[in-house]
Amino acid sequence: MDGLLTLAINNLSSPLILSFVLGLGAALARSDLTFPEAAAKALSIYLLCAIGFKGGVSVADHGVDLNLGAAILMGVILSAALPFVAFTLLKALTRLDRTNAAAVAGHYGSISIVTFVAGTSVLEGQDIPFEGYMVAVAAAMEAPAILSALWLLSARGGEKRMDGHLWREILLNGSIVLLVGAFAIGMITGKDGLAEIESFIVSPFKGALCLFLLDMGLVAGRGIRQSRGVITLRLLLFGVLMPPIGASFGAGAALLLGLSTGGALLLMVLAASASYIAVPAAMRVAVPEADAGIYLTLSLGVTFPFNLTLGLPLYLAVAQAITGG
Amino acid sequence: MQTHDAKRVAIIVESPMQRRLTDAIEASGVTGYTVVPVIGGSGRSGAWTAEGQVSRAGGMVQVICVIRPERLDDLLKHVFEVVERHIGVVTVSDCQVLRAERF
(Lines give C-alpha, C1' and ligand atoms only; values in the text may rest on other atoms or scores of the structure.)
Protein backbone atom coordinates (compact mmCIF):
# COMPACT_ATOMS: atom_id res chain seq x y z
CA MET A 1 0.00 0.00 0.00
CA ASP A 2 2.91 2.31 0.89
CA GLY A 3 4.44 1.52 -2.50
CA LEU A 4 1.21 2.46 -4.27
CA LEU A 5 1.00 5.70 -2.29
CA THR A 6 4.61 6.61 -3.12
CA LEU A 7 3.96 5.83 -6.79
CA ALA A 8 0.84 7.99 -6.74
CA ILE A 9 2.63 10.91 -5.05
CA ASN A 10 5.62 10.64 -7.42
CA ASN A 11 3.24 10.56 -10.36
CA LEU A 12 1.19 13.52 -9.15
CA SER A 13 4.28 15.65 -8.52
CA SER A 14 5.88 15.01 -11.94
CA PRO A 15 6.24 17.92 -14.38
CA LEU A 16 3.92 16.09 -16.78
CA ILE A 17 0.97 15.90 -14.40
CA LEU A 18 1.60 19.35 -12.96
CA SER A 19 1.56 20.80 -16.50
CA PHE A 20 -1.82 19.14 -17.08
CA VAL A 21 -3.10 20.45 -13.74
CA LEU A 22 -1.90 23.95 -14.67
CA GLY A 23 -3.87 23.82 -17.92
CA LEU A 24 -6.93 22.40 -16.20
CA GLY A 25 -6.82 25.03 -13.45
CA ALA A 26 -6.25 27.87 -15.92
CA ALA A 27 -9.25 26.83 -18.01
CA LEU A 28 -11.51 26.34 -14.99
CA ALA A 29 -10.47 29.77 -13.67
CA ARG A 30 -11.32 31.25 -17.11
CA SER A 31 -7.76 32.40 -17.83
CA ASP A 32 -7.17 33.59 -21.41
CA LEU A 33 -4.27 31.13 -21.76
CA THR A 34 -4.76 29.25 -25.03
CA PHE A 35 -2.78 27.21 -27.52
CA PRO A 36 -3.19 28.00 -31.19
CA GLU A 37 -4.80 25.03 -32.98
CA ALA A 38 -1.76 24.71 -35.26
CA ALA A 39 0.67 24.55 -32.30
CA ALA A 40 -1.36 21.78 -30.64
CA LYS A 41 -1.42 19.82 -33.89
CA ALA A 42 2.34 20.29 -34.42
CA LEU A 43 3.04 19.01 -30.90
CA SER A 44 0.82 16.01 -31.47
CA ILE A 45 2.60 15.22 -34.76
CA TYR A 46 5.97 15.45 -32.97
CA LEU A 47 4.85 13.15 -30.14
CA LEU A 48 3.36 10.53 -32.49
CA CYS A 49 6.47 10.61 -34.64
CA ALA A 50 8.83 10.29 -31.66
CA ILE A 51 6.93 7.51 -29.89
CA GLY A 52 6.47 5.55 -33.13
CA PHE A 53 10.12 5.91 -34.10
CA LYS A 54 11.43 4.88 -30.67
CA GLY A 55 9.12 1.83 -30.67
CA GLY A 56 10.39 0.80 -34.11
CA VAL A 57 14.02 1.16 -33.03
CA SER A 58 13.35 -0.98 -29.97
CA VAL A 59 11.82 -3.74 -32.14
CA ALA A 60 14.76 -3.53 -34.57
CA ASP A 61 17.08 -3.87 -31.58
CA HIS A 62 15.35 -6.91 -30.07
CA GLY A 63 14.21 -8.53 -33.31
CA VAL A 64 10.70 -9.29 -34.58
CA ASP A 65 9.09 -12.37 -33.04
CA LEU A 66 5.70 -14.06 -32.91
CA ASN A 67 4.76 -12.07 -29.82
CA LEU A 68 4.42 -8.95 -31.97
CA GLY A 69 1.65 -10.55 -34.05
CA ALA A 70 -0.04 -12.08 -31.01
CA ALA A 71 0.02 -8.75 -29.15
CA ILE A 72 -1.45 -6.88 -32.13
CA LEU A 73 -4.20 -9.49 -32.48
CA MET A 74 -4.94 -9.25 -28.77
CA GLY A 75 -5.09 -5.44 -29.06
CA VAL A 76 -7.61 -5.70 -31.91
CA ILE A 77 -9.75 -8.13 -29.89
CA LEU A 78 -9.62 -5.86 -26.80
CA SER A 79 -10.53 -2.78 -28.82
CA ALA A 80 -13.46 -4.58 -30.48
CA ALA A 81 -14.72 -6.16 -27.24
CA LEU A 82 -14.42 -3.27 -24.77
CA PRO A 83 -17.24 -1.18 -26.33
CA PHE A 84 -19.64 -4.02 -25.47
CA VAL A 85 -18.46 -3.94 -21.85
CA ALA A 86 -18.74 -0.15 -21.76
CA PHE A 87 -22.18 -0.27 -23.40
CA THR A 88 -23.45 -2.77 -20.82
CA LEU A 89 -22.07 -0.66 -17.97
CA LEU A 90 -23.60 2.50 -19.44
CA LYS A 91 -27.01 0.90 -19.79
CA ALA A 92 -26.84 -0.40 -16.21
CA LEU A 93 -25.49 2.79 -14.68
CA THR A 94 -26.87 5.70 -16.69
CA ARG A 95 -30.01 6.73 -18.54
CA LEU A 96 -28.28 7.35 -21.85
CA ASP A 97 -30.26 6.33 -24.92
CA ARG A 98 -28.89 3.63 -27.21
CA THR A 99 -27.37 6.10 -29.70
CA ASN A 100 -25.40 8.06 -27.13
CA ALA A 101 -24.46 4.94 -25.17
CA ALA A 102 -23.07 3.27 -28.31
CA ALA A 103 -21.16 6.42 -29.29
CA VAL A 104 -19.63 6.72 -25.80
CA ALA A 105 -18.86 2.97 -25.73
CA GLY A 106 -16.89 3.28 -28.97
CA HIS A 107 -14.59 5.82 -27.34
CA TYR A 108 -13.76 3.43 -24.50
CA GLY A 109 -12.67 0.60 -26.81
CA SER A 110 -10.28 2.87 -28.68
CA ILE A 111 -7.22 4.46 -27.12
CA SER A 112 -5.65 7.72 -26.01
CA ILE A 113 -2.12 7.87 -27.35
CA VAL A 114 -1.16 10.64 -24.90
CA THR A 115 -2.09 8.45 -21.92
CA PHE A 116 0.03 5.73 -23.54
CA VAL A 117 2.93 8.16 -23.94
CA ALA A 118 2.54 9.26 -20.30
CA GLY A 119 2.67 5.55 -19.36
CA THR A 120 5.95 5.05 -21.25
CA SER A 121 7.27 8.15 -19.53
CA VAL A 122 6.43 6.72 -16.08
CA LEU A 123 8.16 3.46 -17.04
CA GLU A 124 11.28 5.25 -18.29
CA GLY A 125 11.34 7.29 -15.06
CA GLN A 126 11.43 4.07 -13.04
CA ASP A 127 13.83 2.25 -15.39
CA ILE A 128 11.24 -0.41 -16.19
CA PRO A 129 11.75 -1.80 -19.71
CA PHE A 130 8.80 -2.47 -22.02
CA GLU A 131 8.20 -4.14 -25.36
CA GLY A 132 8.80 -1.63 -28.16
CA TYR A 133 6.06 -3.18 -30.28
CA MET A 134 3.41 -1.90 -27.86
CA VAL A 135 3.33 1.19 -30.11
CA ALA A 136 2.10 -1.01 -32.96
CA VAL A 137 -0.51 -2.48 -30.60
CA ALA A 138 -1.64 1.08 -29.80
CA ALA A 139 -2.08 1.84 -33.51
CA ALA A 140 -4.01 -1.40 -34.03
CA MET A 141 -6.40 -0.55 -31.18
CA GLU A 142 -7.54 2.80 -32.61
CA ALA A 143 -10.11 1.60 -35.13
CA PRO A 144 -11.84 -1.71 -34.23
CA ALA A 145 -13.85 -0.02 -31.45
CA ILE A 146 -15.47 2.28 -34.01
CA LEU A 147 -16.83 -0.71 -35.89
CA SER A 148 -18.16 -2.21 -32.64
CA ALA A 149 -19.93 1.05 -31.78
CA LEU A 150 -21.51 1.20 -35.23
CA TRP A 151 -22.53 -2.45 -34.92
CA LEU A 152 -24.17 -1.67 -31.56
CA LEU A 153 -26.16 1.04 -33.32
CA SER A 154 -27.11 -0.91 -36.42
CA ALA A 155 -28.11 -3.98 -34.40
CA ARG A 156 -31.41 -2.29 -33.76
CA GLY A 157 -31.58 0.59 -36.20
CA GLY A 158 -30.52 -1.35 -39.29
CA GLU A 159 -29.35 1.90 -40.88
CA LYS A 160 -26.25 1.83 -43.02
CA ARG A 161 -23.72 4.21 -41.53
CA MET A 162 -20.49 3.13 -43.19
CA ASP A 163 -19.36 4.32 -46.60
CA GLY A 164 -16.09 4.14 -48.49
CA HIS A 165 -15.07 7.57 -47.24
CA LEU A 166 -15.52 6.55 -43.62
CA TRP A 167 -13.60 3.31 -44.04
CA ARG A 168 -10.67 5.25 -45.45
CA GLU A 169 -10.88 7.92 -42.75
CA ILE A 170 -10.91 5.30 -40.00
CA LEU A 171 -8.15 3.06 -41.35
CA LEU A 172 -5.95 5.84 -42.73
CA ASN A 173 -6.59 8.24 -39.87
CA GLY A 174 -3.64 10.67 -39.68
CA SER A 175 -2.49 9.54 -36.24
CA ILE A 176 -2.49 5.85 -37.26
CA VAL A 177 -0.54 6.59 -40.45
CA LEU A 178 2.01 8.68 -38.56
CA LEU A 179 2.41 6.22 -35.70
CA VAL A 180 2.75 3.17 -37.96
CA GLY A 181 4.90 5.08 -40.46
CA ALA A 182 7.32 6.35 -37.81
CA PHE A 183 7.37 2.85 -36.28
CA ALA A 184 8.34 1.40 -39.69
CA ILE A 185 11.06 4.04 -40.19
CA GLY A 186 12.42 3.25 -36.73
CA MET A 187 12.40 -0.47 -37.51
CA ILE A 188 14.14 0.00 -40.86
CA THR A 189 16.80 2.44 -39.69
CA GLY A 190 17.35 0.98 -36.20
CA LYS A 191 19.85 2.38 -33.75
CA ASP A 192 21.89 4.10 -36.48
CA GLY A 193 18.80 6.02 -37.55
CA LEU A 194 18.02 6.94 -33.96
CA ALA A 195 21.59 8.20 -33.43
CA GLU A 196 21.10 10.60 -36.37
CA ILE A 197 17.97 12.25 -34.98
CA GLU A 198 18.30 11.50 -31.27
CA SER A 199 18.77 15.14 -30.27
CA PHE A 200 15.38 15.90 -31.83
CA ILE A 201 13.41 12.73 -31.05
CA VAL A 202 14.62 11.83 -27.55
CA SER A 203 15.93 14.82 -25.58
CA PRO A 204 13.09 17.34 -26.10
CA PHE A 205 10.43 14.62 -25.79
CA LYS A 206 9.41 15.16 -22.18
CA GLY A 207 9.39 18.94 -22.53
CA ALA A 208 7.15 18.70 -25.58
CA LEU A 209 4.92 16.26 -23.71
CA CYS A 210 4.62 18.77 -20.84
CA LEU A 211 3.48 21.47 -23.28
CA PHE A 212 1.03 19.09 -24.91
CA LEU A 213 -0.40 18.07 -21.54
CA LEU A 214 -0.75 21.75 -20.64
CA ASP A 215 -2.89 22.13 -23.76
CA MET A 216 -4.83 18.95 -22.96
CA GLY A 217 -5.51 20.41 -19.52
CA LEU A 218 -6.84 23.58 -21.11
CA VAL A 219 -9.07 21.65 -23.52
CA ALA A 220 -10.30 19.33 -20.74
CA GLY A 221 -10.97 22.28 -18.42
CA ARG A 222 -12.97 24.12 -21.09
CA GLY A 223 -14.91 20.92 -21.76
CA ILE A 224 -15.75 20.50 -18.07
CA ARG A 225 -16.79 24.15 -17.77
CA GLN A 226 -19.13 23.88 -20.73
CA SER A 227 -20.53 20.51 -19.75
CA ARG A 228 -22.71 21.59 -16.86
CA GLY A 229 -26.01 19.80 -17.18
CA VAL A 230 -24.61 17.35 -19.74
CA ILE A 231 -22.46 15.18 -17.47
CA THR A 232 -24.58 13.72 -14.71
CA LEU A 233 -23.23 12.09 -11.56
CA ARG A 234 -23.96 8.65 -13.04
CA LEU A 235 -22.00 9.49 -16.21
CA LEU A 236 -19.16 10.78 -14.06
CA LEU A 237 -19.19 7.48 -12.18
CA PHE A 238 -19.01 5.61 -15.49
CA GLY A 239 -16.05 7.80 -16.53
CA VAL A 240 -14.00 6.70 -13.51
CA LEU A 241 -15.27 3.10 -13.23
CA MET A 242 -14.77 2.09 -16.83
CA PRO A 243 -10.98 2.73 -16.95
CA PRO A 244 -10.08 0.25 -14.15
CA ILE A 245 -12.51 -2.27 -15.68
CA GLY A 246 -10.86 -1.84 -19.08
CA ALA A 247 -7.44 -2.05 -17.41
CA SER A 248 -8.36 -5.36 -15.78
CA PHE A 249 -9.19 -6.78 -19.23
CA GLY A 250 -5.82 -5.41 -20.36
CA ALA A 251 -4.12 -7.10 -17.40
CA GLY A 252 -5.73 -10.45 -18.28
CA ALA A 253 -4.62 -10.06 -21.89
CA ALA A 254 -1.08 -9.16 -20.77
CA LEU A 255 -0.93 -12.33 -18.65
CA LEU A 256 -2.10 -14.44 -21.60
CA LEU A 257 0.57 -12.85 -23.80
CA GLY A 258 3.26 -13.18 -21.13
CA LEU A 259 4.23 -9.51 -21.38
CA SER A 260 6.86 -7.90 -19.13
CA THR A 261 5.81 -5.55 -16.30
CA GLY A 262 6.26 -2.54 -18.59
CA GLY A 263 4.34 -4.17 -21.46
CA ALA A 264 1.55 -5.18 -19.09
CA LEU A 265 1.22 -1.62 -17.79
CA LEU A 266 1.03 -0.27 -21.34
CA LEU A 267 -1.62 -2.78 -22.42
CA MET A 268 -3.62 -1.90 -19.29
CA VAL A 269 -3.28 1.80 -20.09
CA LEU A 270 -4.42 1.21 -23.68
CA ALA A 271 -7.44 -0.78 -22.51
CA ALA A 272 -8.25 1.80 -19.81
CA SER A 273 -7.97 4.90 -21.98
CA ALA A 274 -10.63 6.47 -24.16
CA SER A 275 -10.17 8.07 -27.56
CA TYR A 276 -10.63 11.79 -28.16
CA ILE A 277 -9.21 12.09 -31.67
CA ALA A 278 -10.08 9.22 -34.02
CA VAL A 279 -13.40 8.08 -32.56
CA PRO A 280 -15.04 11.51 -32.08
CA ALA A 281 -14.26 12.38 -35.72
CA ALA A 282 -15.79 9.10 -36.92
CA MET A 283 -18.83 9.56 -34.65
CA ARG A 284 -19.44 13.10 -35.93
CA VAL A 285 -19.70 11.65 -39.43
CA ALA A 286 -21.50 8.35 -38.77
CA VAL A 287 -23.67 9.22 -35.75
CA PRO A 288 -24.34 12.98 -35.91
CA GLU A 289 -27.38 12.58 -33.65
CA ALA A 290 -25.15 11.52 -30.73
CA ASP A 291 -24.21 14.38 -28.40
CA ALA A 292 -20.51 15.27 -28.82
CA GLY A 293 -20.71 17.14 -25.50
CA ILE A 294 -21.22 13.83 -23.70
CA TYR A 295 -18.57 11.65 -25.33
CA LEU A 296 -15.87 14.30 -25.64
CA THR A 297 -16.30 15.54 -22.07
CA LEU A 298 -16.35 12.01 -20.65
CA SER A 299 -13.29 10.93 -22.58
CA LEU A 300 -11.25 14.12 -22.26
CA GLY A 301 -12.61 15.75 -19.12
CA VAL A 302 -13.15 12.71 -16.88
CA THR A 303 -11.35 9.56 -18.04
CA PHE A 304 -8.17 11.19 -19.35
CA PRO A 305 -7.42 13.11 -16.09
CA PHE A 306 -8.36 10.03 -14.04
CA ASN A 307 -5.96 7.78 -15.95
CA LEU A 308 -3.21 10.36 -15.89
CA THR A 309 -3.34 11.09 -12.16
CA LEU A 310 -4.70 8.04 -10.30
CA GLY A 311 -4.93 5.37 -13.00
CA LEU A 312 -1.26 5.19 -13.97
CA PRO A 313 0.12 4.44 -10.46
CA LEU A 314 -2.76 2.02 -9.81
CA TYR A 315 -2.18 0.14 -13.07
CA LEU A 316 1.58 0.06 -12.47
CA ALA A 317 1.08 -1.45 -9.00
CA VAL A 318 -1.24 -4.09 -10.48
CA ALA A 319 1.14 -4.76 -13.39
CA GLN A 320 4.00 -5.25 -10.93
CA ALA A 321 1.89 -7.54 -8.77
CA ILE A 322 0.70 -9.79 -11.61
CA THR A 323 4.02 -10.05 -13.43
CA GLY A 324 6.16 -10.16 -10.31
CA GLY A 325 8.12 -7.12 -11.57
CA MET B 1 -19.20 49.50 -63.64
CA GLN B 2 -21.34 46.66 -64.97
CA THR B 3 -22.17 44.01 -62.34
CA HIS B 4 -24.16 40.76 -62.57
CA ASP B 5 -26.56 38.98 -60.24
CA ALA B 6 -25.21 35.95 -58.41
CA LYS B 7 -26.02 33.86 -55.35
CA ARG B 8 -23.66 33.46 -52.42
CA VAL B 9 -24.11 30.18 -50.53
CA ALA B 10 -22.30 29.92 -47.19
CA ILE B 11 -22.33 26.60 -45.38
CA ILE B 12 -20.93 26.17 -41.86
CA VAL B 13 -20.39 22.47 -41.20
CA GLU B 14 -18.43 20.19 -38.87
CA SER B 15 -14.81 19.75 -39.97
CA PRO B 16 -15.05 15.97 -40.47
CA MET B 17 -17.81 16.63 -43.04
CA GLN B 18 -15.76 19.09 -45.10
CA ARG B 19 -14.59 16.63 -47.74
CA ARG B 20 -18.06 15.15 -48.20
CA LEU B 21 -19.51 18.62 -48.60
CA THR B 22 -16.99 19.80 -51.18
CA ASP B 23 -17.46 16.51 -53.08
CA ALA B 24 -21.22 17.16 -53.11
CA ILE B 25 -20.67 20.73 -54.31
CA GLU B 26 -18.51 19.45 -57.16
CA ALA B 27 -21.06 16.76 -57.97
CA SER B 28 -23.64 19.49 -58.49
CA GLY B 29 -21.41 20.98 -61.18
CA VAL B 30 -20.04 23.85 -59.09
CA THR B 31 -16.26 23.78 -59.25
CA GLY B 32 -15.46 27.01 -57.43
CA TYR B 33 -15.67 27.31 -53.66
CA THR B 34 -13.61 28.63 -50.76
CA VAL B 35 -13.05 26.89 -47.42
CA VAL B 36 -12.65 29.26 -44.48
CA PRO B 37 -11.50 28.20 -41.00
CA VAL B 38 -13.84 28.94 -38.13
CA ILE B 39 -12.22 29.70 -34.78
CA GLY B 40 -15.17 29.21 -32.47
CA GLY B 41 -18.76 29.99 -31.72
CA SER B 42 -21.87 28.97 -29.88
CA GLY B 43 -24.99 27.12 -30.89
CA ARG B 44 -27.64 24.71 -29.66
CA SER B 45 -24.90 22.33 -28.42
CA GLY B 46 -23.23 25.14 -26.44
CA ALA B 47 -20.06 27.16 -26.95
CA TRP B 48 -16.97 25.72 -28.63
CA THR B 49 -13.55 26.86 -29.79
CA ALA B 50 -10.97 25.43 -32.16
CA GLU B 51 -8.15 26.66 -29.95
CA GLY B 52 -5.81 23.96 -28.76
CA GLN B 53 -7.88 21.16 -30.32
CA VAL B 54 -5.90 18.25 -31.67
CA SER B 55 -8.94 16.53 -33.13
CA ARG B 56 -10.89 17.90 -36.08
CA ALA B 57 -14.00 16.42 -34.49
CA GLY B 58 -14.77 19.46 -32.36
CA GLY B 59 -14.13 22.05 -35.08
CA MET B 60 -16.13 23.57 -37.89
CA VAL B 61 -15.39 25.09 -41.27
CA GLN B 62 -17.24 27.44 -43.57
CA VAL B 63 -17.52 26.67 -47.27
CA ILE B 64 -18.52 29.57 -49.48
CA CYS B 65 -19.54 29.40 -53.12
CA VAL B 66 -20.71 32.13 -55.45
CA ILE B 67 -22.81 30.80 -58.33
CA ARG B 68 -25.17 31.83 -61.11
CA PRO B 69 -28.74 32.02 -59.78
CA GLU B 70 -29.96 29.19 -62.05
CA ARG B 71 -27.53 26.75 -60.41
CA LEU B 72 -28.83 27.36 -56.90
CA ASP B 73 -31.53 24.66 -56.68
CA ASP B 74 -29.29 21.88 -57.88
CA LEU B 75 -26.48 22.97 -55.53
CA LEU B 76 -28.78 23.13 -52.51
CA LYS B 77 -30.21 19.69 -53.31
CA HIS B 78 -26.71 18.15 -53.28
CA VAL B 79 -25.61 20.12 -50.19
CA PHE B 80 -28.71 19.19 -48.22
CA GLU B 81 -28.06 15.48 -48.72
CA VAL B 82 -24.78 15.95 -46.83
CA VAL B 83 -25.75 18.39 -44.10
CA GLU B 84 -29.30 17.18 -43.40
CA ARG B 85 -28.45 15.24 -40.20
CA HIS B 86 -25.57 17.45 -39.07
CA ILE B 87 -25.27 20.61 -37.05
CA GLY B 88 -24.40 23.72 -39.04
CA VAL B 89 -25.92 26.62 -40.92
CA VAL B 90 -26.70 27.06 -44.62
CA THR B 91 -27.37 30.59 -45.83
CA VAL B 92 -28.13 31.94 -49.29
CA SER B 93 -27.78 35.61 -50.14
CA ASP B 94 -27.89 37.79 -53.22
CA CYS B 95 -24.65 39.30 -54.38
CA GLN B 96 -23.12 41.00 -57.40
CA VAL B 97 -20.08 39.87 -59.35
CA LEU B 98 -18.00 41.72 -61.87
CA ARG B 99 -17.12 38.86 -64.21
CA ALA B 100 -20.23 36.71 -64.79
CA GLU B 101 -18.45 34.33 -67.14
CA ARG B 102 -16.41 33.01 -64.19
CA PHE B 103 -19.37 31.57 -62.32
Side-chain angles (χ1 to χ4, degrees), chain A residues 23 27 32-45 47-48 113-114 161 163 165-166 168-169 173-175 212 214-223 225-230 275-289 291-297 299-300, chain B residues 10-28 30-31 33-64 75-91:
Chain A
D32 66 351
L33 176 61
T34 53
F35 265 58
E37 191 182 357
K41 284 205 173 127
L43 276 171
S44 114
I45 288 171
L47 292 174
L48 286 167
I113 197 71
V114 186
R161 292 171 188 272
D163 58 18
H165 271 309
L166 192 57
R168 194 178 56 242
E169 282 163 9
N173 168 283
S175 54
F212 191 75
L214 175 63
D215 176 49
M216 295 292 288
L218 286 166
V219 175
R222 274 200 297 266
R225 227 178 54 210
Q226 284 153 7
S227 70
R228 283 188 194 129
V230 177
S275 167
Y276 44 80
I277 298 181
V279 183
M283 289 302 141
R284 286 321 294 148
V285 173
V287 198
E289 56 275 29
D291 188 345
I294 297 176
Y295 55 68
L296 270 178
T297 311
S299 148
L300 200 55
Chain B
I11 308 142
I12 298 176
V13 73
E14 297 152 296
S15 301
M17 297 302 293
Q18 179 189 324
R19 177 77 178 274
R20 286 170 177 77
L21 178 62
T22 53
D23 283 354
I25 291 172
E26 285 174 22
S28 76
V30 174
T31 51
Y33 55 81
T34 307
V35 181
V36 185
V38 180
I39 61 169
S42 182
R44 275 199 298 187
S45 318
W48 63 276
T49 170
E51 273 170 353
Q53 299 281 356
V54 284
S55 166
R56 276 167 65 81
M60 301 195 85
V61 292
Q62 185 179 38
V63 181
I64 300 167
L75 173 68
L76 290 182
K77 199 177 95 215
H78 279 83
V79 164
F80 191 65
E81 279 172 16
V82 176
V83 301
E84 188 184 358
R85 292 159 62 213
H86 293 263
I87 52 173
V89 183
V90 183
T91 57

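We name chains A, B, ... by the order of the sequence lines, and we start the count at 1 in each one. For clarity, every value in this text was computed on a predicted model and none was experimentally measured.
Residue Arg222(A) touches chain B through its side chain alone, counting heavy-atom pairs closer than 4.5 Å. Of the two parts of Thr49(B), only the side chain, counted from C-beta on, holds a non-hydrogen atom closer than 4.5 Å to a non-hydrogen atom of chain A.
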Open item on the list: Between Ile25(B) and Val63(B), is the side-chain contact (heavy atoms from CB on, under 4.5 Å) condition met? List the steps.
Closed with: CA-CA 10 Å; Ile25(B) 291 172; Val63(B) 181; 3.6 Å; yes
Open item on the list: side-chain contact (heavy atoms from CB on, under 4.5 Å), that's the test. Do Arg19(B) and Arg168(A) meet it? Break it down for me.
Closed with: CA-CA 12 Å; Arg19(B) 177 77 178 274; Arg168(A) 194 178 56 242; 3.8 Å; yes
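Considering only residues two or more places apart in sequence or on other chains, Glu26(B) meets the side-chain hydrogen bond (donor to acceptor under 3.5 Å, both in side chains) condition with Tyr33(B).
Formation of a donor-acceptor pair under 3.5 Å by the Arg20(B) side chain with backbone atoms of Val82(B) is not found in this model.
In terms of heavy-atom pairs under 4.5 Å with chain B, the best-connected choice from Glu169(A), Arg284(A), Glu37(A) is Arg284(A).
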